[in-house]
Number of protein chains: 2
Amino acid sequence: MDTKTKLISAAEQLFDRHGFTATGMDKLTKAAGMSSRTLYKHAGSKTALITEVLKERHRRFQPHIEVGSVDALFDALEEWIRSESARGCLFLRAYGETGGDIPAITEAVLAHKARLYDKIQDIVAIENDEQEMPELAEQILILYEGATAAAIYRGPGAVVSAHKAALALLKQARS
Amino acid sequence: MDTKTKLISAAEQLFDRHGFTATGMDKLTKAAGMSSRTLYKHAGSKTALITEVLKERHRRFQPHIEVGSVDALFDALEEWIRSESARGCLFLRAYGETGGDIPAITEAVLAHKARLYDKIQDIVAIENDEQEMPELAEQILILYEGATAAAIYRGPGAVVSAHKAALALLKQARS
DNA sequence: AGCAGTGTAAAACGATCATTTTACATCGTC
DNA sequence: GACGATGTAAAATGATCGTTTTACACTGCT
């Protein structure tokens, strides 16, 4: 594992576990096993590091939304939440901690969410004879987002409930 | 408006706008129009201040869940988000920023969420001949949570979509 | 052999953090 | 008219923040 990969993954873990602002550079260097000089050579700044962590997170998350059905979408979410984290959406957390005041971060967050909505719209269209159904897509998105949030305090079962609700809405839209 | 009220409401605004950790005590004293000595006399510590802000937030939010129907629940949420904040759930944000490591804060968050779920379960029971329907209640909760989160980047329209989805699930459960 | 690249360890930077302290002003009340 | 409560302004506390710097070691290429 090269230096940068090690840095990004250590940072992702710490940010997810303790928050962005609360995680200091000393803890990052220690966790990544490198000097602060090396860290700054690769990351440039803390803001840039956060941005890169979000972009890497998006890359790693991508396969979980690259699916062909609503059923598979929630299966993938359940797997993610069971294995990765039940600490809420890291993108929205970054947005909240920075108040939307840091353009690079805000951009990464909004890009991720735009991509998520677009992908869900694609999936919904596949399930409905290629018809665009923007509101149904938004409702699936809301269930997806809500399951991620509710899983923090209700556990992975929230994803199962959201899953069933999504299938029910889909079925109803078809008839 | 007495000193403490002024402090709590200034703090709530700053925390909501800029995040908890990123909001320093100097900004709090300035916004609340008081010296740091007075602030500490009333709040005790930053952690205690955050906790009190959350409790006050819950008190102010309470009426929006003290309703008798799912329809009214989402109407109230829409009103809250349109007039108060579309920056996500302040409780979950506090939890995320502190990593769940500060007991007083974690407690306030979990108490709020437990109360929210219980209330939704009551409402769902009212709508279904006093039958307890835990999974439907969780699905409504997830739509509620998801609308709050999605409204950050999709605007208040997300609440409208969630509202319709909730009514659809309710209708389907009845038949 | 020499050089560019990549790394470490550790100190120093000025700023800002949460919190406490010192010194003083203004109250209403007994 | 003294007193306790409640406030202010401002400096000081020591810790920690993100970032830069200094000085040095190891590597692989040419």
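Scope of the values below: all heavy atoms of this structure, side chains included, with no hydrogens, waters or symmetry mates. This is a predicted model, so every value here is computed, not measured. In the text below, chain A, chain B and the rest are named by the order of the sequence lines, each starting its count at 1.
Contact annotation: His42(B) reaches the phosphate of dG7(D) (side-chain N/O to OP1 or OP2, under 4.0 Å). Residue Ser36(B) has no polar side-chain atom (N or O) positioned under 4.0 Å from OP1 or OP2 of dA10(D). Dashed line: the shortest gap from a side-chain N or O of Thr38(A) to OP1 or OP2 of dT8(C) is under 4.0 Å.
Comparing Arg37(A) and Gly24(A), the nucleotide of DNA chain D nearest to each residue sits closer to the 5' end for Gly24(A).
Gly44(A) comes within contact range of no nucleotide atom at all, as no heavy-atom separation falls under 4.0 Å. Within 4.0 Å (heavy atoms only), Thr23(B) reaches sugar-phosphate atoms of the nucleic acid but no base atom. The residue Thr47(B) sits apart from the nucleic acid: no heavy atom pair falls under 4.0 Å.
Rounded to whole Å, atom P of dT8(D) lies 11 Å from atom CG of Leu7(B). For the pair Leu14(B) CG and dC17(C) C1', the computed distance is 16 Å after rounding to whole Å. Atom-to-atom, NZ of Lys41(A) to P of dA4(C) comes out at 14 Å; the value is rounded to the nearest Å. Distance CG (Asp26(A)) to P (dA15(D)): 14 Å, rounded to an integer number of Å. One atom, NZ of Lys4(A), and another, P of dT6(C), lie 12 Å apart when rounded to the nearest Å. As a whole-Å value, the separation of Leu49(B) CG from dT19(C) P is 10 Å. Counting to the nearest Å, the C1' atom of dT19(D) and the CD1 atom of Ile50(A) are 15 Å from each other. If you take CZ of Phe20(B) and P of dA18(C), they are 14 Å apart, rounded to a whole angstrom.
A salt bridge does not link Glu52(A) to Lys55(A): none of the charged nitrogens lies less than 4.0 Å from a carboxylate oxygen.
For dT19(D), its base never sits under 3.5 Å from the side chain of Ser45(A) at any donor and acceptor pair.
Tested against Trp80(B) for a ring pair (Phe, Tyr, Trp, His ring centres under 6.0 Å), the candidates Tyr144(B), Phe74(B), Phe61(B) yield a single pass: Phe61(B).
Judged by distance alone, the side chains of Tyr153(A) and Glu145(B) do bring a donor and an acceptor atom under 3.5 Å apart. No hydrogens or angles considered: nothing links the side chains of Ser161(A) and Gln139(B) as a donor-acceptor pair under 3.5 Å. A side-chain donor-acceptor contact under 3.5 Å links Thr5(B) and Asp2(B).
Side-chain atoms of Met25(B) lie closest to dT19(C) of the nucleotides dG7(D), dG18(D), dT19(C).
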